[in-house]
Amino acid sequence: MADRRTHRLRLWTSAVTVGVILLAVLLVPPLVQLDEQAVDLSRKLLPPSWDHPFGTDDLGRDLLLRCVYGLRISLLVGLVAALVATVVGTAVGAAAGALGGWTDRCLMRLVDAFSSVPHLLLGIFVVALFRPGVWPVIASVAVTHWLSTARIVRSEVLSLRTRPFVDAAVSGGASRWRVTVRHLLPAVLPQAGLAAVLMIPHAMWHESALSFLGLGLPSHQASLGNLVQNARSSLLAGDWWPTLFPGLLLIVPTLAIAGLAGVWRDRLNPRRRSELML
Amino acid sequence: MLELDTVTAGYERRAPVFRGASLTVAPGESVGLLGPSGCGKSTLARVAALLHRPDAGRLVLDGTEVRAWRHRAPRELRTAVGVVFQQPRTAADPRLTLAEIIAEPLRATGRRAEADSRVAELAPAVGLTADLLTRRPHEVSDGQLQRACLARALTLSPRWLICDEMTAMLDASTTAALVAAVETYRAETGAGLLAVGHDRVLLNRWCDRTVEWKDCLPPKETR
Amino acid sequence: MNAADPTVLRALAAVTAERAEDAVLSVRDLTVRFRLRGGRSVAAVSDAAFDLGAGECLALVGESGCGKSVLASALLGLLPGNAETSGTALLEGEAGAGPTDLLAADEKTLARTVRGRRVGLVPQSPAGHLTPVRTVRSQLEETVRALTGTPRRARRKAAEDAAERAAFPAGHLDRYPHELSGGLAQRAATALALIGDARLLLADEPTTGLDRELVDRTVDELRRHVDEGRGLLLITHDLAAAARIADRVAVMYAGRIVETAPAHRFFGPAGPRHPYARGLLDALPDRAFTPIPGMPPELSALPEGCAFAPRCPLATDLCATRPEPHAGVACHHPEHPRA
């Protein structure tokens, strides 16, 4: 079946790409004892070569090394922010869905209020409150990204809450807390997990946008957004490599993670069960 | 006594599904509630199981008037009534094994220690074998799953049992087996039964008396 | 009369051969296996064989999970990818054309010439079968266009005719499915099934969840279509519905048809001959109301011999070998008709 073959190809390409990226960001910095900040003005703006596969930047720093460090920071920000946003979103969504009534109304109006402000604006507002650093950026991403998870979880919980198995649990003496923790949350966790994975690239883009605007991480620190920002001037001079490689490193993980998440979503599909029709 | 007194219930305040239903089940008695689908029999069953707050009317359970519903109802009152629903597929948490489904009421009420022995006791009573108990709902047939749902309703030894179209999806042999299991339990414990359904032949055979929901007008029994 | 008598057997064989010749549907050795991960396989249907004539209703009865619905899906080519089918299911050809083997036909043939046109499906849950966002009329007209290619002007009339044939009131044609009662939704679904004027109707549990009165009305209407000369394969676990309209009854147990009998004998005083079929009837609330002990075996781990033996009161050592169908009964100890 051709369908199954493309499916498998997608799974493997995505998995291998994500694997390589993870290995690179985890192993390269501790193993390769090179300083990504080492300035060598004699070798500035060299095009890609064997010595410098990604070329060098306007201060003569090796771009491959800086890209790996940049990806490391961006991934870290993406992962932590997605995790925080998912935990907050799931908690708020589950509380709104399971408790209903006034709690639900208040929480969802809060979500609406947050959604009504443009995300980037809200993000900029948060980072502006603190000194530049990793944590304000993470907070900024988390604040703007928990909303969709809260909505997804709430709607799932609402639809589950009317199922007879919840009635049966209530009749069996289960408290509201127990129904939520034992029957409702486990049912929505796969969905929330999927949303979290899909959020990682989104958070990376958000971080890059902030850094590109000069509001994210300190500009000497190698993050993907800072790399693109620093390369802007050289791009006008016709040097393409300082922009291309960080840009690619933003796009490739996004596609790979989306591929993995797609496979996961197919797995979640309850229709798989009906293959037997018994 | 399980007394439903002029109960009006529904899902929208302005348009209740039925008005003024009255029905009494004595201890140890089995009452069949007969009627066409779509008239609110299931809603009445949910009211009787403390799962749905009626718009008006009273439910009196063994002399105590029920004033709070669902989670808010006192646990002793809620667990005094066991319920079995029509569709086992939607009435069982798809992530739990059959043994966990049956033991869940004990775990939910903090009596985890008794779970294993109670499951071992109930499984043969409803005709479930040990290998089925480790499976999840999607790995068993409708009939087997409904057996587990009946066992769950019996786990806390309720004084009242409400079977809402329990056998509508099942074949003749499984129907007879489940009814036999309910009757064995009632003979041992003296529990009362409210069986809701549309199969006149079945309810006449099963219950001491049947009450009709004619032309979508609920029963109005007076005592 | 002794069923094992060679002359009787010959006569029976002749009857079956004749049946097969003018049958709308003739099924032989239909077997369906599902391959599962880990090399296991599920024997959902094994060696099913039956004939269905024009103007005849055959009820296929059995417990849920015995393979009835899988058989219906196999006939329509609607099984999932991990299913393997073998055997033949010959569907009578149109106007002199040869029969079509439903199990060998490719998806294109099934989609363009069989489903809806030569086999009409009356679904299990009409509410789920109808599109919720469109009126009954627009769904009927669409099906008329897709199946018969009627010109635009005539479609309205054709849709109304189809509704009338299924006794669907014309005044309700502009309603949406959720505005219909269960009975009317079932009629709307039947009207859709009848548009292609198929000679064979396949009804898969058409009465599940309906109340008794509605069951009676639904099956009576199906019977009316049979009396117009269609063949009806009624798949159901509702013995009362089967007793009401079937001409013949086939009992399925653990994927095998264990008995085929005329309905009047099956439900009449003589009764069925297979112990499982007897047990099934005895479980009815208007009969003994006693269940058959035990539960059906797993379709993934069927015993070598008779699948019913572990639950059978008559089982002997002989039952360790599989009984071949013999005069309509697959049993080593068929019971003699009750007096």
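Throughout, a chain's letter reflects where its sequence line sits, starting with A, and its residues are numbered from 1.
- Looking at E298(C), only its side chain comes within 4.5 Å of chain B, counting heavy atoms on both sides.
- The shortest heavy-atom contact between A172(B) and L239(C) is CB-CD1, 4.1 Å.
- Only the side chain of Q86(B) comes within contact range of chain C, judged by heavy atoms closer than 4.5 Å.
- At a 4.5 Å heavy-atom cutoff, R200(B) makes no contact with chain C through either its backbone or its side chain.
- Counting heavy-atom neighbours within 6.0 Å of R186(B) CZ, excluding the residue itself, gives a total above 12.
- Proximity of M295(C) to L132(B): side-chain heavy atoms (C-beta onward) are separated by under 4.5 Å at one or more points.
- No other option in G294(C), A283(C), P296(C), P293(C) has as many heavy-atom pairs under 4.5 Å with chain B as A283(C).
- Interatomic distance, S173(B) OG to L280(C) CG, rounded to the nearest 0.5 Å: 6.5 Å.
- Contacts between A177(B) and chain C at a heavy-atom distance below 4.5 Å involve backbone atoms as well as side-chain atoms.
- Contact detail for P285(C) and R205(B): the closest heavy-atom pair is O-NH1, 2.9 Å.
- Note that OG1 of T175(B) and CZ of F289(C) are 7.5 Å apart. Values are rounded to the nearest 0.5 Å.
- L170(B) is not listed as a side-chain neighbour of H237(C), based on a closest heavy-atom distance of 4.5 Å or more.
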